[in-house]
Each structure stands twice: as structure tokens, then as C-alpha cells.
Amino acid sequence: MEYVLLSNTNCMVSRTALSIDSLENYPTEEGVSLIRKAYEGGINFYQISNDNKHLKEILGYSFYGMRKEVFIAVASCALDTISLQQEIISTLDTLNSTYIDIFSLHNDNFVPTKNTKDGLYTALLSAKADENIKSIGFSTSKLKLAEEALQSKLYNVIFLEFPLENSKLQDIINFFEECKKQEVGLIIKHKTPISDEVDFSLIFGFLRKSENLIPMWKIKNQEDLQQVLYFESNPPEFTDKDLEEIEKKQDSN
């Protein structure tokens, strides 16, 4: 497993990361077993993107006594400061941790800033000052909002859902490069498997081509994890022809 320093943070993370949202129906013991297999495979970066106590318990049990060995990101859809503060407190309690590595605001409508009336960004600054969170992120499925968050220079990390609707591939690639230029951490989230092994190989190769981003796979079972670990150990080659195929798929969304 390859490890890289996630730009604008102090996180030395695996080049492959996992979103565990799809494990919400897993019994705790089975979920813990799956996560530990992922860790044994070298993956040290995990995210939860909803306020699900069960998923937080799975992570808490999986890494009990070894919190410093992994990096955990949490995304919140909170729209007010009270809900946000409660979510941070409950997350710390359930994870049995004193900090969250990256806490991000997920929004597909606007980018919270110091000046927006919601007060969300200011609340995260306060939580960071209290050392409850280490880095602040923004999460969205809209490229325009991701670009706005990047230009605001307020966020350490940007999480972007892929594929993106109504976005040209070259615009997406330009965004990748701009994040690298500004040294802002970039996480690209994608489901797995996509439709078949060939498609997954194609997407895997595309996302691994950009050295400054971390692909985050939304696994839902053991088979998905095995597929991710296989391609991590055997990275597919990625050619200009493959890029054309990705562009066709992106244009069809």
C-alpha cells in the first residue's frame, strides 16, 4: 500500500480510502471484521458521511486502542450550529476519541463561509480551536460549489462525488490540477463496483492517475473490498484511449 501526505493536513493516508456508509445494515461484529480486513490490507483512511451511530460504533470498535493508527473523516449535513455541535460531541463519544481528523460540511446548495448566516463554518473554527477536529472539509456533488470552496481558501480538504452531472471531463481534470496548485487536499468518492470489472478498472486507473487526489471507494460488502485491494496491488494501466472512454461515460450522465 502506498501512503501520501494529504495536502493541507498532517494526515499520512493510504492512496486508497473507504467510505463505509453502505455498511449501515451490517451487524456490528461483521462490520468490524470487514473494517479490520481493510486495515490489514493497508487502508488507514475511513469516512462516514451521515450521522449514523451504528456506523460510528463499528469504527470505534474496529480501532479501539489504536486510534492514532488511522484517520477518520466525518461529513455532516447539519444546517444549524446546534445540530452541528451535537453531532461533533456524539461522534467523539461514540468513537471513544478526543478528536476527528477531518470534519466536513456536505452541501449541494451553497458553500458555508465566515459570512453566511448559518454560522456553520464559524462553529467548525471553534471546534478546531478546541482541538475537537483537526482539519475542516467541504463535501459536495456539484463541481461549481467545489470550485467555490477551493477559491474561498477556507477549507483544508474538498470531497467530491464522482461521476458529476453536467460537468465536462476536462473541467474536472482542471479542478484536480487547481487543487494540486493550491495544495488543498482532494478526495474523490465513487461507488464500487460500477457495473462490471472492466468499468471499475477504468475508473480506478483514472483516479489513481492524479497523484494529488485520494480515491475513496464506497464499499458495501467483502467482495467490494477484495476488488479494491486487488486493484491497489495491481494498478491498471491508463491510456489516452481509456481517457476517451471515461469522457464518453461522463458525458452520458
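- Take Thr116 and apply the side-chain hydrogen bond (donor to acceptor under 3.5 Å, both in side chains) test, not counting sequence neighbours, and it matches Asp118.
- Evaluation of the salt bridge (charged side-chain N to carboxylate O under 4.0 Å, His left out) test over residues 96-110, restricted to residues two or more places apart or in two chains, returns Arg67-Asp101.
- Residue pairs that meet the ring-ring contact (aromatic ring centres under 6.0 Å, His included) test with at least one member in residues 68-120, sequence neighbours left out, do not exist here.
- The side-chain heavy atoms of Ile43 and Met1, taken from C-beta on, include a pair separated by under 4.5 Å.
- Partners of Tyr64 by side chain to side chain contact (heavy atoms under 4.5 Å, CB included), not counting sequence neighbours, listed by chain and number: Asn96.
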side-chain contact (heavy atoms from CB on, under 4.5 Å) between Asn8 and Glu183, intermediate numbers included: CA-CA 6 Å; Asn8 211 9; Glu183 298 183 340; 5.6 Å; no

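- The two residues Leu6 and Gly185 have their closest heavy-atom pair at CD1-CA, 3.9 Å.
- Between atom CG of residue Leu160 and atom OG of residue Ser141 there is a gap of 8.0 Å, rounded to the nearest 0.5 Å.
- Side-chain contact between Lys180 and Ser7: absent, with no pair of heavy atoms (C-beta onward) separated by less than 4.5 Å.
- From Lys56, atom NZ reaches atom CG of Asn52 across 8.0 Å, with rounding to the nearest 0.5 Å.
- Residue Met12 is grouped with residue Ile100 when hydrophobic side chains (ILVMFWY) are merged at heavy-atom distances under 4.5 angstrom, including chains of intermediate members.
- Placement of Ile203 and Leu213 within a single hydrophobic cluster is found when ILVMFWY residues are connected by side-chain heavy-atom separations under 4.5 Å, directly or transitively.
- Residue pairs meeting the ring-ring contact (aromatic ring centres under 6.0 Å, His included) criterion with at least one partner in residues 113-154, sequence neighbours excluded, are Tyr121-Tyr155, Phe138-Tyr155.
- You'll find the side chain of Glu148 stays beyond 4.5 Å of the side chain of Gln151, heavy atoms only.
- To the nearest 0.5 Å, atom CD1 of residue Ile187 and atom CD of residue Gln47 are 8.5 Å apart.
- Judged as a side chain to side chain contact (heavy atoms under 4.5 Å, CB included), and not counting sequence neighbours, the contacts of Asn174 are Gln170, Asp171.
- Side chain of Ser152 to main chain of Ala149: a donor-acceptor pair is present (N/O by atom type, distance under 3.5 Å, no hydrogens or angles).
- The two residues Gly60 and Leu95 come nearest to each other via the heavy atoms N-CD2, 3.9 Å.
- Distance check, rounded to the nearest 0.5 Å: CG of Asn109 to OG1 of Thr140 gives 8.5 Å.
- Between the Thr28 side chain and the Ile58 main chain, no donor and acceptor come within less than 3.5 Å of each other.
- Listed by chain and residue number, Phe63 satisfy the ring pair (Phe, Tyr, Trp, His ring centres under 6.0 Å) test with Tyr39 (two or more places apart in sequence, or in another chain).
- In this structure, the side chain to side chain contact (heavy atoms under 4.5 Å, CB included) partners of Leu150, at least two apart in sequence or on a different chain, are Ile158, Phe175, Glu178, Cys179, Gln182, Val184.
- Linking Ile, Leu, Val, Met, Phe, Trp and Tyr residues whenever their side-chain heavy atoms come within less than 4.5 Å places Ile172 and Trp217 in a single cluster.
- Tyr3 and Leu5 fall within the same hydrophobic cluster, where Ile, Leu, Val, Met, Phe, Trp and Tyr residues are linked whenever their side-chain heavy atoms come under 4.5 Å apart, directly or through other members.
- Scanning for ring pair (Phe, Tyr, Trp, His ring centres under 6.0 Å) contacts around Phe45 gives an empty result, with sequence neighbours left out.
- Taking the side chain to side chain contact (heavy atoms under 4.5 Å, CB included) definition, one finds that Thr122 meets it with nothing, sequence neighbours left out.
- Considering all non-hydrogen atoms of both residues, Ala78 and Leu120 come closest at O-CD1, 3.4 Å.
- Under a 3.5 Å cut-off, the side chain of Asn221 and the backbone N or O of Glu223 do form a donor-acceptor pair.
- Cluster membership for Tyr61 and Leu34, using ILVMFWY side-chain heavy atoms within less than 4.5 angstrom, is shared.
- Between Lys218 and Glu161, at least one side-chain N (NZ, or NE/NH1/NH2) sits under 4.0 Å from a carboxylate O, which counts as a salt bridge.
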Residue pair Ile35, Leu23: steps toward the side-chain contact (heavy atoms from CB on, under 4.5 Å) verdict: CA-CA 10 Å; Ile35 296 302; Leu23 302 182; 4.1 Å; yes

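- Nearest approach of Ala38 to Leu18, heavy atoms of both residues: CB-CD1, 3.6 Å.
- At distances below 3.5 Å, not a single donor-acceptor pair connects side-chain atoms of Tyr26 with backbone N or O atoms of Val32.
- Atom CD1 of Ile102 sits about 8.0 Å away from atom CG of Asn156, to the nearest 0.5 Å.
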Residues Ile48, Ile20; criterion side-chain contact (heavy atoms from CB on, under 4.5 Å); working and verdict: CA-CA 6 Å; Ile48 307 169; Ile20 70 166; 4.1 Å; yes

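- Note: Leu154 CG to Leu124 CG = 11.0 Å, rounded to the nearest 0.5 Å.
- For the pair Ser33 (side chain) and Glu29 (backbone), a donor-acceptor distance under 3.5 Å is absent.
- For residues 10-19, every residue pair satisfying the side chain to side chain donor-acceptor pair (under 3.5 Å) rule, not counting sequence neighbours, is listed here: Ser14-Asn44, Thr16-Glu232.
- Between Leu105 and Val111 the shortest side-chain heavy-atom distance does not fall below 4.5 Å.
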Lys114 vs Leu125, side-chain contact (heavy atoms from CB on, under 4.5 Å): CA-CA, chis, key distance, verdict: CA-CA 9 Å; Lys114 297 177 181 178; Leu125 283 180; 4.0 Å; yes

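- Note on residues 70-86: no pairs pass salt bridge (charged side-chain N to carboxylate O under 4.0 Å, His left out), not counting sequence neighbours.
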